[in-house]
Amino acid sequence: MSKISILFRREFSSFFATPVAYVFIGIFLILSSVFTFFVGGFYERGQADLLPFFNFHPWLYLFLVPAISMRSWSEERKSGTIELLMTLPISTWQAMMAKHLAAWAVLGLSLLLTFPLWLTVNYLGDPDNGIIVAAYIGSWLMSGAFLSIGMCMSAMTKNQVVAFILSVVVCFVFVVSGSNIVLDAFKSWAPSEVIDVVASLSFLTHFESMAKGVIALNDLIYFLLVTICWLFAGLVIIEQKKAD
């Protein structure tokens with residue numbers, strides 16, 4: 001565990017050694033506010049809650065998370081530092097976990113810095129803060145799933161732009177698989193069991209209930225499984241390329 005913590009600190013500090021973390025956090029905070037107050041119609045709804053804020057998170061993460069994950073392994077491979085990393089007395093899995101936890105911590109910090117919105121809602125009304133806490137937890141778990149996909153795509157290529165594009169495409173599939181447009185396309189020929197499986201793969205399906213304050217075990221398990229499976233896939237890719 002100490003090896004992971006050491007590498008975690010190295011990775012986490014590297015985000016703030018360059019403008020990456022600052023730019024990401026700044027863009028996330030600005031877009032969150034714009035979507036909440038202007039696009040989401042925060043004042044027009046006349047309700048003291050943060051649902052307009054959380055409703056846009058899957059779409060924000062769709063582009064912002066791949067932007068922060070694309071450098072995780074691509075930069076290591078392009079600069080050649082991955083060979084040095086692999087010679088250290090740590091396993092590839094420990095390196096993967098440290099990188100993921102460091103980037104996930106940056107995402108968590110971004111969410112924490114939106115607390116003025118929470119204070120605003122409490123100033124304007126009397127919201128159910130339990131629902132807001134559940135939505136924050138769901139958003140953070142969902143961001144971890146987005147991040148694991150991005151890191152897997154980053155492990156596939158030395159080119160960060162390619163890693164970004166691949167991450168956006170794969171994440172987009174996971175986001176829209178539960179939308180009405182996609183499900184309607186399956187209803188004309190697929191049995192109901194297949195439609196249910198496609199819908200269950202969607203980030204939207206599992207996050208919407210958490211955004212409304214319902215933390216169900218199946219939603220927690222889903223995001224954790226997606227995270228672990230994609231990290232494992234990235235691990236397999238790295239090990240394969242190391243063997244080559």
Side-chain angles (χ1 to χ4, degrees), residues 28 31-32 35-36 40 47-66 68-69 96-97 100-101 103-112 114-115 117-118 121 127-153 167-187 190-234:
F28 179 77
L31 290 181
S32 295
F35 285 138
T36 301
Q47 299 182 33
D49 60 29
L50 284 180
L51 197 57
F53 168 64
F54 290 109
N55 280 342
F56 289 102
H57 279 201
W59 305 104
L60 284 175
Y61 291 151
L62 178 60
F63 295 99
L64 293 183
V65 175
I68 203 172
S69 65
M96 176 69 78
M97 285 298 299
H100 184 268
L101 290 175
W104 205 8
V106 173
L107 296 176
L109 178 61
S110 303
L111 282 173
L112 287 176
T114 62
F115 74 92
L117 293 176
W118 192 348
V121 170
D128 188 332
N129 287 308
I131 292 177
I132 295 177
V133 171
Y136 267 108
I137 294 173
S139 179
W140 189 58
L141 288 173
M142 179 173 62
S143 70
F146 273 101
L147 183 60
S148 64
I149 294 174
M151 293 187 69
C152 180
M153 297 300 105
S167 300
V168 171
V169 171
V170 175
C171 289
F172 181 75
V173 172
F174 272 89
V175 171
V176 303
S177 61
S179 65
N180 292 329
I181 296 177
V182 174
L183 296 180
D184 289 341
F186 279 87
K187 287 179 181 178
S192 58
E193 292 79 8
V194 174
I195 296 175
D196 291 340
V197 170
V198 173
S200 68
L201 294 176
S202 173
F203 286 171
L204 292 178
T205 302
H206 293 275
F207 177 64
E208 284 176 354
S209 60
M210 300 184 78
K212 296 176 182 177
V214 181
I215 301 182
L217 183 61
N218 65 308
D219 295 327
L220 294 174
I221 293 175
Y222 169 77
F223 283 123
L224 290 176
L225 279 179
V226 170
T227 301
I228 293 172
C229 288
W230 282 97
L231 286 179
F232 180 76

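Numbers here are sequence positions counted from 1. Small disclaimer: the values here were computed from a predicted structure and weren't measured.
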Say you draw a straight line from [atom1] of [X] to [atom2] of [Y]; how long is it, rounded to the nearest 0.5 Å?
X    : Y    : atom1 : atom2 : result
L147 : I68  : CG    : CD1   : 7.5 Å
W104 : L141 : CH2   : CG    : 5.5 Å
L224 : C229 : CG    : SG    : 10.5 Å
M151 : L231 : CE    : CG    : 6.5 Å
L107 : M142 : CG    : CE    : 10.5 Å
I215 : I137 : CD1   : CD1   : 4.5 Å

If we ignore hydrogens and angles and just use 3.5 Å, is the side chain of [X] paired with the main-chain N or O of [Y] as donor and acceptor?
X    : Y    : answer
S110 : V106 : yes
S202 : V176 : no
H100 : G144 : yes

Could you pull out the closest heavy-atom pair between [X] and [Y], with the gap in Å?
X    : Y    : value
L117 : L50  : O-CD2, 4.0 Å
L62  : F172 : CD1-N, 3.4 Å
A145 : V226 : CB-CG1, 3.8 Å
S32  : F53  : CB-CE1, 3.6 Å
G150 : S167 : CA-OG, 3.3 Å
I131 : A211 : CG2-O, 3.9 Å

Describe, in one word, how the ring planes of W230 and F174 are oriented to each other, choosing from parallel (under 30°), tilted (30 to 60°) and perpendicular (over 60°). perpendicular
Can you classify the ring geometry of F56 versus F35 as parallel (below 30°), tilted (30 to 60°) or perpendicular (above 60°)? parallel
Is [Y] close to [X] at the side-chain level, that is, under 4.5 Å between some pair of heavy atoms?
X    : Y    : answer
V169 : M153 : no
F207 : Y222 : no
L64  : F146 : no
F28  : T114 : yes
D219 : S209 : yes

Taking only residues two or more places apart in sequence or in another chain, which ones pass side-chain contact (heavy atoms from CB on, under 4.5 Å) with N129? W118, N122, P127, I132
For I221, give me all partners under side-chain contact (heavy atoms from CB on, under 4.5 Å), at least two apart in sequence or on another chain. L217, L225
With side chain to side chain contact (heavy atoms under 4.5 Å, CB included) as the criterion, how do S139 and L111 come out once you've worked through the C-alpha distance, each side chain's angles and the decisive distance to 0.1 Å? CA-CA 8 Å; S139 179; L111 282 173; 3.7 Å; yes
Taking the six-membered ring where the residue is Trp, are the ring centres of Y61 and F203 under 6.0 Å apart? no
